[in-house]
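Below: one structure, written as structure tokens.
This structure is a prediction, so every number in the text was calculated from the model and none was measured. Note on naming: letters A, B, ... go to the chains in the order of the sequence lines (proteins, then strands), and numbering restarts at 1 for each one.
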Number of protein chains: 2
Amino acid sequence: MTSTPSNLQNETLDVEECTCFNLRKATRTVTQLFDDAMQPTGIRATQFTLLAAISSTGTVAIRQLSQILVMDRTTLTRNLKPLETRRLIKIVPGEDRRTRTLTLTDKGRKTLEKSLPFWRKAQAEVIERLTPKRWRDLLKQLDSTVKILGD
Amino acid sequence: MTSTPSNLQNETLDVEECTCFNLRKATRTVTQLFDDAMQPTGIRATQFTLLAAISSTGTVAIRQLSQILVMDRTTLTRNLKPLETRRLIKIVPGEDRRTRTLTLTDKGRKTLEKSLPFWRKAQAEVIERLTPKRWRDLLKQLDSTVKILGD
DNA sequence: ATATTTTAAGTGTATATGCTCATATTATGA
DNA sequence: TCATAATATGAGCATATACACTTAAAATAT
């Protein structure tokens with residue numbers, strides 16, 4: 001009986017189908033596209049999302065926003081830092097003094113408004129290149145994934 | 001004629017459909033699931049991917065691997081650091097002395113082998129919870145996305 | 001054969017992500 | 001009311017990501 005060689009090789013082929021790896025790969029690709037498109041605005045795609053979220057919620061606490069964005073609270077806190085440093089947002093204690101509430105500054109609002117066309121352009125380009133059907137399918141799959149695997 | 005109020009509110013609703021944001025959100029969710037499942041192995045999902053890739057390619061240069069993984073070269077360099085520190089991989093100059101080639105150490109091979117069942121379990125859980133059909137659709141969409149938007 | 005160009009890689013800087021632990025404040029229960 | 005539990009946050013630590021710039025080595029062109 002010949003000893004079976006380590007089947008490491010065969011196993012690792014499966015790894016090309018790793019859900020995590022493929023998601024991260026696609027995220028790298030798309031984030032680079034968006035960051036590149038947003039470059040003239042001075043803010044990144046991630047930062048744009050935060051400004052837009054704060055704009056649409058109005059005043060909101062950190063924990064609250066982290067739940068809306070399905071983002072770790074401490075990650076959000078860190079991500080807010082560069083926005084606060086550049087005075088795009090204001091962070092002040094809430095009525096419940098455990099909380100800190102977020103609001104856009106005038107500068108933040110202006111930055112968001114100026115950035116919107118660039119975001120829209122990037123988004124439109126992605127939809128066009130993927131085709132609307134594929135894009136809708138992608139978003140649908142991503143949404144299912146978060147809903148089903150979240151928590 | 002009534003003046004239209006700032007349509008910032010309406011605009012930002014679209015942002016919930018931001019391709020970049022939704023990808024990042026799903027990636028956060030899935031990465032947390034994988035990292036959690038891999039926790040007993042002492043390596044993270046991202047690191048597992050690197051070990052598996054090096055194992056399947058055999059000796060490989062950094063640039064080469066970065067292209068295989070569709071990953072920025074400098075990102076790969078940084079990601080290799082903790083693996084090298086823990087002596088899971090060896091980085092040595094290649095024949096072309098501009099290059100540095102990567103190989104698994106014995107410890108790296110052992111770590112990869114021990115990690116495989118945990119990765120498989122996480123992957124199986126994801127496929128089961130999403131259902132195989134949805135999972136295949138997701139992977140297909142991610143692959144299209146990278147192929148179409150890459151470069 | 002040497003000057004020029006191309007290619008591979010490392011480093012500085014900045015952001016993004018999330019776990020663990022510590023602290024402050026509010027809510028609750030005896 | 002006062003001790004305890006629950007909640008909101010920040011900070012330390014480690015990794016992940018990528019642009020711009022620099023350096024070294026190989027390829028090429030004259």
Just how far, in rounded Å, is [atom2] of [N] from [atom1] of [X]?
X	N	atom1	atom2	value
A:Asp35	C:dA16	CG	C1'	11 Å
A:Gln32	C:dA16	CD	P	14 Å
A:Ile43	C:dA16	CD1	C1'	15 Å
A:Asp72	D:dG10	CG	P	13 Å
B:Arg100	D:dA25	CZ	P	12 Å
B:Leu65	C:dA8	CG	P	14 Å

Residue whose closest nucleotide on DNA chain D lies nearer the 5' end, A:Thr27 versus A:Arg98: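 Result of the comparison: A:Arg98.
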If each of A:Arg28 and A:Thr74 is mapped to the nucleotide of DNA chain D with the nearest heavy atom, which maps nearer the 5' terminus, i.e. the 5' end?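 Nearest-nucleotide comparison on DNA chain D picks A:Thr74.
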Answer yes when [X] and [Y] have at least one side-chain N-carboxylate O distance shorter than 4.0 Å, and no when they do not.
X	Y	answer
B:Glu84	B:Lys81	yes
B:Asp143	B:Lys140	no
B:Glu125	B:Lys121	no

What I want to check is whether the side chains of B:Thr27 and A:Thr27 have a donor and an acceptor closer together than 3.5 Å.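 Side-chain D/A pair, B:Thr27 to A:Thr27: present.
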Given D:dT17, C:dT15, D:dA16, which nucleotide is nearest the side-chain atoms of B:Met71?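 Nearest to the side chain of B:Met71 among the choices is D:dT17.
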Mind listing the closest non-hydrogen atom pair of A:Ala53 and A:Leu65 along with its distance?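 Looking at all heavy atoms of both residues, the shortest contact is CB-CD1, 3.8 Å.
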Side-chain N or O of [X] closer than 4.0 Å to phosphate OP1/OP2 of [N]:
X	N	answer
A:Arg73	C:dT17	no
A:Asn79	C:dT17	yes
B:Arg78	D:dA18	no
A:Thr46	C:dA16	yes
A:Arg24	D:dT17	yes
B:Gln64	C:dA8	no

Remember a base hit wins even if backbone is also touched, and classify B:Thr99 as base, sugar-phosphate or nothing at under 4.0 Å, heavy atoms.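 If one applies the 4.0 Å heavy-atom cut-off, B:Thr99 turns out to touch the sugar-phosphate alone, with no base involved.
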